[in-house]
Amino acid sequence: MSLEQEQFEQRFARIREIEALGFRPYGQRFEFTHTVPQVLADYAAKTAEEIDAAHPEVRVAGRVLTIRRMGKAGFMHLQGAGEKLQVYIKKDALTESEFALYKLLDLGDVIGVEGYLFRTRTGELSVHVEKLTFLSKNLMGLPEKFHGLEDVEIRYRQRYLDLIANPEVQTVFRTRAKVVGSLRRQLEERGFIEVETPMMQSLYGGAAARPFVTHHNTLDIDLFLRIAPELYLKRLISGGMERVFEINRSFRNEGVSTRHNPEFTMLEFYQSYTDYRGMMHLTCELLKQLAIDATGSPVVEFQGQQLDFGSVRRYSVREAVVEFWQGPDKPTPEQVRDAAWLASKSGKATPGEQLMDLFERHSEQALIQPTIIYEYPVEVSPLAKQNADDPTMTDRFEVFAAGMEIGNAYTELNDPNEQRRRFESQLAMRERGDDEAHQMDEDFLRALCYGMPPTGGEGLGVDRLVMLMTNSKSIRDVILFPQLRPEGEIGIAQWLREATDKPVATPAPQV
RNA sequence: GGGCCGGUAGCUCAGUGGUAGAGCAUCUGACUUUUAAUCAGAGGGUCGUGGGUUCGAGACCCACCCGGCUCACCA
């Protein structure tokens, strides 16, 4: 038997010992007066004299993180809501069964304590425990206290253990909630209505990506997990819901990387009677307030850089290719408009695709500061309205920061016949083997035929925004359960089975 | 999918072809304001998996599994 399983069985046997002392090893309601963060917020700034004078009584619950036993006394750190509070146990202050319980405690057990606050000789705020209760048994070994849990595979697979061992991870996900809350609140304040549209779709669209396929048994049809909510949200705009947004998952059947998870959270919002210029203005307001709500400042530190979301730069794609050109042969503004020059620099099929190829190869990774890049070629923008002066371009922009694309917006194409032509040209690309080209969506065309108001629309990558706000290098660090290959046999059910059958090895200690 | 790196005790890691190690954790004992508590002792290994080379493999070779970084892919 492995050491780990022996420890499991030792701890399992303690369940009986805890019961023998008159405590319940699981499932007791605990009426607390403070959470750990509340105790710290209320008393961390107070002096020992102030605390002694007030003699505050608290009841707090938490997980035992450390134990320093010293004979008839001892100290423990309890972790609650991601923060730590020290408690002091003294034999004289407890009943005999409570002190026996204390001696049985394992790291990771969840307990409740009641007592008064004081400062120790070294000044640490602590609870002088007068009553000890048991709330839940930990049967597992915990990671080492100094280094914690660093193995990223275990951290992602067993996020519960990561959250116990690395409480700062909780702050990442608290910030994530602030990001989502900030976006939701800001849009609601501007009259946007939150909606939910199908994630299982019989036709997929709204982006260039390969989908996941699933199957409905009783309908006996294959369905696609959506790659974007766009086409459904625009149906709502056609129907007269003038400002709508959706924050939820989309799914793309692509490689995984530090910036891509197969399922990811996107915010899409659509506003009738505006255009991409209006969306630029709104984007700048949203991002600035988002940074303030998430981090307290419009200037955010990310991987050693200071990103200023209070001032977003703007360049056209062509300007960006010139401005951020990497390497020799920096082009002139005239050259990036010249089809022959573009064809000489890129192997792509059309001038528009060639321009985007150069932008992605040369300029994208240089866009560290938050930047809006506008005017995208029509070939790569099948759902965006053409520019009134230059029909090869669309009224579209993307937002970049830290070298990542974080948003994409445009004046929505609302001419059904032009949309029909774009779909047909996408079908032609599909015929040529592009399996990410759009499908024809006739119901969407029909919705446009009823007249969709001029509209500005945008999608923001929420996970990537959270990366920026939490200084996280990998998207997996801002997704609680990132996609991994399935784990092999775990075997914990067998451990529980064997531990159940085992007779109690050691009798409960005398109290 | 390609390239590179990694997988050794529960955790964090050493281990240069020759008896598998350390710290923490665990177990036993001491200790009534400690804090990476301390002190004394003990137990704990499918060296990712499977082949191969060798008198001898944790180490070298091959294949595979899992993960990371990176490139490709991803408007």
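Convention: sequence-line order gives letters A, B, ...; per-chain numbering from 1.
- The separation of B:A59 from B:A20, taken at their C1' atoms, amounts to 12 Å, rounded to a whole angstrom.
- Toward the 5′ end of RNA chain B lies the nearest nucleotide of A:Pro486, the other residue of the pair A:Leu383 and A:Pro486 mapping further downstream.
- We find that CZ of A:Arg11 is positioned 14 Å from P of B:G10, with the value rounded to whole Å.
- Straight-line distance between the C1' atoms of B:A36 and B:G23: roughly 10 Å, to the nearest whole Å.
- OP1 or OP2 of B:A25 lies within a sub-4.0 Å distance of a side-chain N or O belonging to A:Lys145.
- A salt bridge links A:Glu246 with A:Arg226: at least one charged nitrogen is closer than 4.0 Å to a carboxylate oxygen.
- The base-pairing partner of B:C4, taking Watson-Crick or G-U wobble contacts with both distances under 3.5 Å, is B:G68.
- Among the atoms of the strands shown, base atoms are found under 4.0 Å from some heavy atom of A:Gln86.
- Comparing B:U26, B:A75, B:U32 against the side chain of A:Gln7 picks out B:U26 as the nearest.
- Rounded to whole Å, the separation between the C1' atoms of B:C55 and B:C62 comes to 22 Å.
- Salt-bridge check for A:Asp52 with A:Arg119: failed, with every basic side-chain N at 4.0 Å or more from each acidic carboxylate O.
- The phosphate of B:G67 (OP1 or OP2) has no side-chain N or O of A:Arg155 nearer than 4.0 angstrom.
- Classification of A:Arg421 and A:Glu418 as a salt-bridged pair holds, one side-chain N sitting under 4.0 Å from a carboxylate O.
- We find the CD-OG distance between A:Gln303 and A:Ser472 to be 8.0 Å, quoted to the nearest 0.5 Å.
- Across all strands shown, B:G52 is found opposite B:C60 as a Watson-Crick or G-U wobble partner, with both distances under 3.5 Å.
- Residue contacts shown for A:Met70 include a base, since a base heavy atom lies under 4.0 Å away.
- Between A:Arg396 and A:Glu398 there is a salt bridge, since a side-chain N of the basic residue sits under 4.0 Å from a carboxylate O of the acidic one.
- Salt bridge present: A:Arg318 and A:Asp390 bring a charged side-chain N and a carboxylate O closer than 4.0 Å.
- Comparing B:U26, B:G68, B:U34 against the side chain of A:Val152 picks out B:G68 as the nearest.
- Side-chain atoms of A:Glu398 lie closest to B:A75 of the nucleotides B:A75, B:U26, B:C13.
- Heavy atoms of A:Glu6 sit nowhere under 4.0 angstrom from any nucleic acid atom.
- Rounded to whole Å, the distance from CG on A:Leu142 to P on B:C11 is 11 Å.
- Side-chain proximity of A:Glu144 to B:C31, B:U33, B:C11: nearest is B:C11.
- Minimum atom distance to the side chain of A:Arg396 is reached by B:A75, of the listed B:G23, B:A25, B:A75.
- As judged by a 4.0 angstrom heavy-atom cut-off over every strand, A:Arg14 is placed among residues touching the sugar-phosphate backbone only.
- Note on A:Ile89: nothing from the nucleic acid sits closer than 4.0 angstrom, heavy atoms only.
- Atom pair A:Leu161:CG and B:A25:C1' shows a separation of 13 Å (rounding to whole Å applied).
- The same atom, C1', is picked in B:C47 and in B:U34; the two are 38 Å apart, to the nearest Å.
- We find that CE of A:Met404 is positioned 17 Å from P of B:A75, with the value rounded to whole Å.
- Comparing atom distances between the A:Asp106 side chain and each of B:C31, B:C27, B:C66 picks out B:C27 as nearest.
- Counting to the nearest Å, the C1' atom of B:C74 and the CD atom of A:Glu364 are 10 Å from each other.
- Distances shown here put a side-chain N or O of A:Arg121 below 4.0 Å from the OP1 or OP2 atom of B:U34.
- Each of A:Tyr232, A:Phe212, A:Phe224 was scored for a ring pair (Phe, Tyr, Trp, His ring centres under 6.0 Å) with A:Tyr204, with one residue passing: A:Phe224.
- Across all strands shown, A:Asn408 has heavy atoms under 4.0 Å from base atoms, whether or not it also approaches the sugar-phosphate.
- Side-chain nitrogen and oxygen atoms of A:Arg485 include at least one within less than 4.0 Å of the OP1 or OP2 phosphate oxygen of B:C66.
- Across B:G3 and B:C73, the matching C1' atoms stand 15 Å from one another, rounded to whole Å.
- Across all strands, A:Gly206 comes closer than 4.0 Å to base atoms (heavy-atom distances).
- Distance A:Glu153 CD to B:C11 P: 11 Å, rounded to the nearest Å.
- Considering only the side chain of A:Asp92, B:U32 comes nearest among B:C11, B:A75, B:U32.
- Rounded to whole Å, the P atom of B:C4 lies 28 Å from the corresponding atom of B:C11.
- Proximity of A:Arg68 to the phosphate of B:C31: no side-chain N or O atom is located under 4.0 Å from OP1 or OP2.
- Between the CZ atom of A:Phe264 and the C1' atom of B:C74 there is a distance of 10 Å, rounded to whole Å.
- Looking at heavy-atom distances under 4.0 Å, A:Glu436 makes contact with sugar-phosphate atoms alone, never a base.
- Summary of the strand contacts: A:Gly123 and A:Glu4 both lie near RNA chain B, and taking for each the nucleotide with the nearest heavy atom, the more 5' one is attributed to A:Glu4.
- Across all strands shown, nothing is found opposite B:A14 as a Watson-Crick or G-U wobble partner with both distances under 3.5 Å.
- Taking atom C1' on both B:U19 and B:G1, the two are 45 Å apart, rounded to the nearest angstrom.
- For B:U33, neither phosphate oxygen OP1 nor OP2 lies less than 4.0 angstrom from any side-chain nitrogen or oxygen of A:Arg119.
- Within 4.0 Å (heavy atoms only), A:Ala207 reaches at least one base atom of the nucleic acid.
- The distance between the ring centers of A:Tyr410 and A:Tyr376 does not fall below 6.0 angstrom.
- Base contact: A:Glu124 has a heavy atom under 4.0 Å from a base atom.
- Between A:Asp477 and A:Lys473 there is no salt bridge, since none of the side-chain N atoms of the basic residue sits less than 4.0 Å from a carboxylate O of the acidic one.
- Nucleic acid contact class of A:Lys91 (heavy atoms, under 4.0 Å, all strands): none.
- Atoms NZ (A:Lys90) and P (B:U34) sit 13 Å apart, rounded to a whole Å.
- Taking atom P on both B:G17 and B:C60, the two are 8 Å apart, rounded to the nearest angstrom.
- Looking at heavy-atom distances under 4.0 Å, A:Tyr410 makes contact with a base.
- Pair assignment for B:U38 gives B:A30, based on Watson-Crick or G-U wobble hydrogen-bonding distances that are each under 3.5 Å.
- For the pair A:Arg277 and A:Tyr374, the cation sits on the ring face: its NZ or CZ lies under 6.0 Å from the ring centre, inside 45° of the axis.
- Using a 4.0 Å heavy-atom cutoff across all strands shown, A:His77 reaches at least one base atom of the nucleic acid.
- Backbone-only engagement by A:Thr258 is indicated by non-hydrogen atom pairs under 4.0 Å involving sugar-phosphate atoms exclusively.
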